[in-house]
Amino acid sequence: MHKVLRRIKLDGGPLGVAVHPSGHPVYVADWYSKRLLAIDPDGEVPPRSADVGTSPSGVAVTPDGAFVLTADRDDDAVSVLETATLARVAVIPVGTRPFGVTIDAEGRRAYTANVGSNNVSIIDLAARKVIGTVKVGLRPYAVALVRGKAFVTNQYGSSVSVFDTTTLQVLKAIDVGDYPEGIAPSADGQHVFVACWFAGTLSMIDTETLAVVKDLKVGDGPRAFGQFVR
């Protein structure tokens, strides 16, 4: 049995959450107020905030902890902020209605799932510009990166699109349960797990064979956003 260690009340519309590699702070996108919050989970430091774009959703921190990104859905852009100062240092145009944003393990590229344009934008973080676009299924929600592949949930397609992160070639569209949203890899990289909201299942995909190996029945309406697998 787990218990709540601390409750932090937030106004507005908290959505995407990411944690600095050091464990402090926790970053929260405020959907309604066009801001990013930096919160000390121990409560010893008052929360800080920074202005970002309209309707920020996904949040991701670079592996070195130097920068934090927000997917600003209604601005069709990604904001880049320095974690030390929360200064907004770049705004990068991407596809239409970006929602999920994921950074690779090397901190070189970020990937946005663009709900409105049915594609994924690939951002070079050093150059701070889009260097590629991959067409995926209907209403892409989030991206998981594992073993040189990107796995993208397509909400309206009941599928997961897979493409090679080096060549950007689409490898397969994998059928899963209805309305897949959250997606995350296992710690060993052998599987990705997909929360299928309308199906009430968690689909388990083999990252080598690109096949669903198991559909785990869970409660009604499973949803996830961000890293939910350890």
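Being a predicted model, the structure only gives us computed values, none of them experimental.
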Heavy atoms only: give me the nearest [X]-[Y] pair and the separation to one decimal.
X: Pro56; Y: Thr70; value: CB-CB, 4.3 Å
X: Gly226; Y: Ala184; value: O-CB, 4.4 Å
X: Pro41; Y: Pro25; value: CD-CA, 4.4 Å
X: His191; Y: Val213; value: CD2-CG2, 4.1 Å
X: Val61; Y: Val19; value: CG2-O, 4.0 Å
X: Thr102; Y: Val143; value: OG1-O, 2.7 Å

**Prompt:** Would Tyr156 and Tyr179 count as a close aromatic pair, with their ring centres under 6.0 Å?
**Reply:**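 Tyr156 vs Tyr179: aromatic centres under 6.0 Å.
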Is it the case that one hydrophobic cluster holds both [X] and [Y], taking links as side-chain heavy atoms less than 4.5 Å apart, direct or via other members?
X: Val59; Y: Ile39; result: no
X: Leu216; Y: Val160; result: no
X: Val218; Y: Phe198; result: no
X: Val80; Y: Val101; result: yes
X: Ile183; Y: Leu145; result: no

Around atom [atom1] of [X], are there more than 12 heavy atoms of other residues, nucleotides or ligands at under 6.0 Å?
X: Lys135; atom1: NZ; answer: yes
X: Lys172; atom1: NZ; answer: yes
X: Lys34; atom1: NZ; answer: no

So, the side chain of [X] versus the backbone of [Y]: is there a donor-acceptor pair under 3.5 Å, distance only?
X: Asn118; Y: Arg139; value: yes
X: His24; Y: Asp40; value: no
X: Thr83; Y: Ala66; value: yes
X: Asp30; Y: Gly13; value: yes
X: Ser33; Y: Arg35; value: no

Atom pair [atom1] ([X]) and [atom2] ([Y]), whose distance is rounded to the nearest 0.5 Å:
X: Asp188; Y: Thr207; atom1: CG; atom2: OG1; result: 8.0 Å
X: Tyr141; Y: Glu181; atom1: OH; atom2: CD; result: 4.0 Å
X: Phe67; Y: Ile103; atom1: CZ; atom2: CD1; result: 10.5 Å
X: Asn114; Y: Phe99; atom1: CG; atom2: CZ; result: 12.0 Å
X: Thr165; Y: Phe151; atom1: OG1; atom2: CZ; result: 10.0 Å
X: Ile174; Y: Ser159; atom1: CD1; atom2: OG; result: 9.0 Å

**Message:** With side chain to side chain contact (heavy atoms under 4.5 Å, CB included) as the criterion, how do Gln190 and Glu208 come out once you've worked through the C-alpha distance, each side chain's angles and the decisive distance to 0.1 Å?
**Reply:** CA-CA 7 Å; Gln190 293 183 7; Glu208 290 301 322; over 6 Å; no
**Prompt:** Do the side chains of Val176 and Ile205 get nearer than 4.5 Å, heavy atoms only?
**Reply:**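 They are in side-chain contact.
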**Prompt:** With sequence neighbours left out, what residues match Arg48 under side-chain hydrogen bond (donor to acceptor under 3.5 Å, both in side chains)?
**Reply:**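 side-chain hydrogen bond (donor to acceptor under 3.5 Å, both in side chains) list for Arg48, sorted by chain: empty.
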**Message:** Would Arg109 and Asp104 count as a salt bridge (Lys or Arg N to Asp or Glu O under 4.0 Å) here? Give the steps.
**Reply:** CA-CA 6 Å; Arg109 291 181 175 183; Asp104 66 19; 5.5 Å; no
**Item:** Summary of salt bridge (Lys or Arg N to Asp or Glu O under 4.0 Å) pairs that have at least one residue in residues 50-78, sequence neighbours excluded
**Value:**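 Qualifying pairs: Asp72-Arg88, Asp74-Arg97, Asp76-Arg97.
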